[in-house]
Amino acid sequence: MTRLVNRDRSLEELERDRWSAPSDGETRLMATVRELRRKPIGGLTVEDMRLLIRQDVGLAYLLPLAVEVLRIDPLAEGDMYEGDLLAHQEWGGLERVPRTQAGCPPDRGRVGRRAARPETRG
């Protein structure tokens, strides 16, 4: 069963989890993650998704969005290199599919595996 998600809501709102105030020693990376968690998920860029997925943040909501992007453009890129969203899906997200499968499209795992292992044509 596919769960419809309001893309005008942020991860904080969707997860009903507001993080505590930042500490004095917070890194720039964590400050960015904290800021992105407050941004509506429909407004997240490929780079935003790549960064959040790599940090294991909001996977239940972001993996389906990332797969949508990868269906259109398997080489979707953030700020690192062409295809970095897929590469970070492999390292940071796809092995977590069974834990986040609930509420996601039923073919998401198949699409992720297909995108991670392109078919050869002869």
Side-chain angles (χ1 to χ4, degrees):
M1 179 174 149
T2 302
R3 175 175 50 178
L4 297 177
V5 175
N6 182 345
R7 294 178 186 212
D8 293 330
R9 298 183 76 195
S10 68
L11 288 172
E12 274 193 352
E13 293 168 322
L14 293 166
E15 294 177 337
R16 295 183 177 130
D17 180 23
R18 300 223 190 289
W19 288 4
S20 59
S23 65
D24 290 336
E26 184 174 63
T27 65
R28 187 175 74 194
L29 172 62
M30 286 312 299
T32 301
V33 167
R34 183 181 300 281
E35 179 182 326
L36 291 175
R37 288 189 75 249
R38 293 184 182 119
K39 186 176 181 179
I41 63 169
L44 294 173
T45 66
V46 170
E47 174 61 14
D48 296 341
M49 286 189 281
R50 182 200 64 79
L51 189 146
L52 289 165
I53 289 168
R54 189 65 188 126
Q55 296 302 313
D56 294 335
V57 174
L59 296 180
Y61 298 98
L62 297 179
L63 287 176
L65 294 179
V67 169
E68 283 180 23
V69 170
L70 292 170
R71 281 182 177 151
I72 296 166
D73 181 8
L75 295 178
E77 63 185 281
D79 292 347
M80 296 182 68
Y81 53 86
E82 185 177 50
D84 63 1
L85 179 61
L86 176 60
H88 283 81
Q89 282 284 336
E90 290 172 19
W91 302 333
L94 288 180
E95 71 269 11
R96 292 171 183 81
V97 168
R99 285 195 287 163
T100 60
Q101 193 83 32
C104 297
D107 67 341
R108 195 186 89 232
R110 186 182 77 235
V111 170
R113 285 190 299 278
R114 183 182 304 140
R117 187 186 49 213
E119 296 175 15
T120 57
R121 296 187 180 158

Quiz item: Is the side chain of R9 donor-acceptor paired with the backbone N or O of K39 at a distance under 3.5 Å, no angle test?
Solution: no
Report task. Report the C-alpha separation of W19 and V57 in whole Å, then their side-chain angles, then the decisive distance to 0.1 Å, and conclude whether the side-chain contact (heavy atoms from CB on, under 4.5 Å) test is met. Result -> CA-CA 12 Å; W19 288 4; V57 174; 4.2 Å; yes
With side-chain contact (heavy atoms from CB on, under 4.5 Å) as the criterion, how do L62 and L59 come out once you've worked through the C-alpha distance, each side chain's angles and the decisive distance to 0.1 Å? CA-CA 5 Å; L62 297 179; L59 296 180; 5.6 Å; no
Q.
Closer than 3.5 angstrom, by distance alone: can the side chain of Y61 be matched with the main-chain N or O of L11 as a donor-acceptor pair?
A. no
Residue pairs passing the salt bridge (Lys or Arg N to Asp or Glu O under 4.0 Å) test with at least one member in residues 20-31, sequence neighbours excluded, are E26-R34
The side-chain hydrogen bond (donor to acceptor under 3.5 Å, both in side chains) partners of E12 (sequence neighbours excluded) come to R18
Worksheet item: Are any side-chain N or O atoms of Q55 and backbone N or O atoms of L52, one a donor and one an acceptor, separated by less than 3.5 Å?
Response: no
Closest non-hydrogen contact found for D48 with L44 is OD2-CA, 3.5 Å
Applying side-chain contact (heavy atoms from CB on, under 4.5 Å) to T27 and not counting sequence neighbours gives L29, M30
Taking the basic N atoms (NZ, or NE/NH1/NH2) and the acidic carboxylate oxygens, is any pair closer than 4.0 Å for E77 and R50? no
For R7, the side-chain contact (heavy atoms from CB on, under 4.5 Å) test, sequence neighbours excluded, returns I41, L65, E68
- Item | Step-by-step side-chain contact (heavy atoms from CB on, under 4.5 Å) determination, D73 to L85 | CA-CA 10 Å; D73 181 8; L85 179 61; over 6 Å; no
For D8, the side-chain contact (heavy atoms from CB on, under 4.5 Å) test, sequence neighbours excluded, returns N6
Residues at least two apart in sequence or cross-chain that pass side-chain contact (heavy atoms from CB on, under 4.5 Å) with D79, listed by chain then number, are E47
